[in-house]
Chemist: 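Mind looking over this structure? Questions follow.
These values consider heavy atoms only, across backbone and side chains, with no hydrogens, waters or symmetry-generated copies.
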Amino acid sequence: MFFSILKTLVPDAHFALQLLAFTVGGFLVGLVLRKALMALSRRMLGAVRAGTRPLRRIVAGTLFEAVARTSVFLFTGLGVVAFREFTETTAPLSEEETGALARLFWIFLICAQTIFLWHCVRLPVALVRRYASPKNKSAATLLPLLSALLKIFVVALGVLIVIRITTDTQPAEILAMLGIGGLALGLAAQDSVKNFFGSVMLIVDRPFQVGDSVDVGGGTAGTVEEVGVRSTRIRSRDGALLCIPNGDLANRTIRTVTARETIRDEFRLGLTYDTPPEKIEEALAILAELTDVPECVREGSRAPRIHFDAFGESSLDLSVVYHFASSDYAAFLRFKSALNLAILRRFAAAGIEFAFPTISVETK
């Protein structure tokens, strides 16, 4: 066990104090080096915005940060090695003490390697975000999840190696313990497991991508910012950031607004009851002319449908259905505003009056 290493080293107080001094010395050296490398890393990553050799600066800055994060564990482990070399020059160490120091060094080294790989996972994410085309939404959607999975794998591998070093447990026994532990973890964290598989289903099924506008029901609509391991982040139209668990989101009806090719619009116009049939026909002709433009789909099942719909309670109702030939909602709003103004002008010039709710009261 891990505590057997400490029991081997602690009984001799003088021995333990010397070991503590060397390890603390290595820790302080690593801490100083970490601060220096972190400052250099921030300087390189900050210079990326200037546009001078961004690829080289991203790679160098990320690697410097990874080395900086590992320096504390690395130099603490080197302090253990320095202590062993110093002690053997004065008094030979027993085989048990030498083995315990070697294990302690390997624990620090594995921790340093795990932290280094953890931060190196961020490098491809940074490169794709920098150089990927804005139209390539798949990369932006997949990267956060793949990055999280790689980090989990790196940490799990580091933990397994440390267990192997400290306990001399065989790989088969470690796998058996992981099986039992995984079952217990799955029962204790059912929601987390559900959210993880929900994220996998969202990635495989791809109902939306990062940057898409979606409506997921329950009054929740906005722009997808990130698909994570546990939840999906959606920026609502009022600017609030919504985090929806993936397990819940995978079971919802998702309406991807960005995926639509056209925007359907439907409205009704009410004319006064004293409008003659000729004027109604003229109104229909005006509406057909105003929607027979390149901005509207003019062929097939999405062509404009304009007709005299019904005799309303206080108006003669005309119905207009058309499809705007783009998914750009801002452009659609501009066209709709221009269309409404054109209808007002043309109807006013033709002497066609709009109706409004009226009530006739007859007194005797």
Chemist: Output every pair passing salt bridge (charged side-chain N to carboxylate O under 4.0 Å, His left out) with a member in residues 311-322, not counting sequence neighbours, ordered by first then second residue.
Modeler: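 Those involving residues 311-322 are R268-D317.
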Chemist: If I take atom CG from residue L318 and atom CG from residue L284, how far apart are they, to the nearest 0.5 angstrom?
Modeler: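 That separation rounds to 5.5 Å.
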Chemist: So does E261 have more than 12 non-hydrogen atoms from other groups sitting under 6.0 Å from CD?
Modeler: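 Counting other residues, nucleotides and ligands, CD of E261 stays at 12 neighbours or fewer.
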Chemist: Do you know the tightest heavy-atom contact between A355 and S315?
Modeler: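 In this case the closest contact between A355 and S315 is CB-CB, 3.5 Å.
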Chemist: Does the side chain of F208 reach to within under 4.5 Å of the side chain of I234, using non-hydrogen atoms?
Modeler: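 No, too far: nothing below the 4.5 Å cut-off.
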Chemist: Can you list everything that forms a side-chain contact (heavy atoms from CB on, under 4.5 Å) with V257? Sequence neighbours excluded, please.
Modeler: S213, R255, R260
Chemist: For P277, give me all partners under side-chain contact (heavy atoms from CB on, under 4.5 Å), at least two apart in sequence or on another chain.
Modeler: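 If we apply the side-chain contact (heavy atoms from CB on, under 4.5 Å) test to P277, skipping adjacent residues, there are no hits.
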Chemist: Tell me which pairs pass salt bridge (charged side-chain N to carboxylate O under 4.0 Å, His left out) where either residue lies in residues 234-249, with sequence neighbours left out.
Modeler: E225-R235, D248-R252
Chemist: Roughly how far apart are T114 OG1 and L109 CG, rounded to 0.5 Å?
Modeler: 9.0 Å
Chemist: Do you know the tightest heavy-atom contact between S319 and D309?
Modeler: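 Where S319 meets D309 most closely, the heavy atoms are CB-CB, 3.8 Å.
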Chemist: So among V214, I244, D215, which one has a side chain to side chain contact (heavy atoms under 4.5 Å, CB included) with T220?
Modeler: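 Running side chain to side chain contact (heavy atoms under 4.5 Å, CB included) over V214, I244, D215 with T220 returns exactly one hit, I244.
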Chemist: Report the residues that fulfil ring pair (Phe, Tyr, Trp, His ring centres under 6.0 Å) with F267, sequence neighbours left out, ordered by chain and then residue number.
Modeler: none
Chemist: For a quick test of reading the model, state the closest non-hydrogen atom pair linking L242 to S236 and the distance between them.
Modeler: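 That would be CD1-CB, 4.0 Å.
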Chemist: Going by heavy atoms in the side chains, are Y273 and L316 under 4.5 Å from each other?
Modeler: yes
Chemist: Check side-chain hydrogen bond (donor to acceptor under 3.5 Å, both in side chains) between R233 and all other residues, then give those that pass, not counting sequence neighbours.
Modeler: none
Chemist: In chain order, what residues pass the side-chain contact (heavy atoms from CB on, under 4.5 Å) check against A303, with sequence neighbours excluded?
Modeler: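 side-chain contact (heavy atoms from CB on, under 4.5 Å) list for A303, sorted by chain: empty.
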Chemist: Which side-chain N or O atoms in residues 329-354 pair as donor and acceptor under 3.5 Å with protein atoms at least two apart or in another chain?
Modeler:
{"from": "N340", "atom 1": "ND2", "to": "K336", "atom 2": "O", "distance (Å)": "3.3"}
{"from": "R346", "atom 1": "NH2", "to": "E289", "atom 2": "OE1", "distance (Å)": "3.1"}

Chemist: Applying side-chain contact (heavy atoms from CB on, under 4.5 Å), name anything that partners S71, two or more places apart in sequence or on another chain.
Modeler: L33, R34, F75
Chemist: With sequence neighbours left out, write down each residue that passes ring pair (Phe, Tyr, Trp, His ring centres under 6.0 Å) with F356, or none if nothing qualifies.
Modeler: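 For F356 there are no ring pair (Phe, Tyr, Trp, His ring centres under 6.0 Å) partners, ignoring immediate neighbours.
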Chemist: For the hydrophobic clusters of this structure (ILVMFWY residues joined by side-chain heavy atoms under 4.5 Å, transitively), does one cluster hold both I254 and V227?
Modeler: yes
Chemist: What heavy-atom pair brings P294 and A325 nearest, and what distance separates the two atoms?
Modeler: O-CB, 4.1 Å
Chemist: Using side-chain hydrogen bond (donor to acceptor under 3.5 Å, both in side chains) as the criterion, list what pairs up with T262, not counting sequence neighbours.
Modeler: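 Per chain and number, T262 pairs via side-chain hydrogen bond (donor to acceptor under 3.5 Å, both in side chains) with R302.
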Chemist: Go through the structure and list residues passing side-chain hydrogen bond (donor to acceptor under 3.5 Å, both in side chains) with E299, not counting sequence neighbours.
Modeler: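 side-chain hydrogen bond (donor to acceptor under 3.5 Å, both in side chains) check on E299 returns nothing, list empty.
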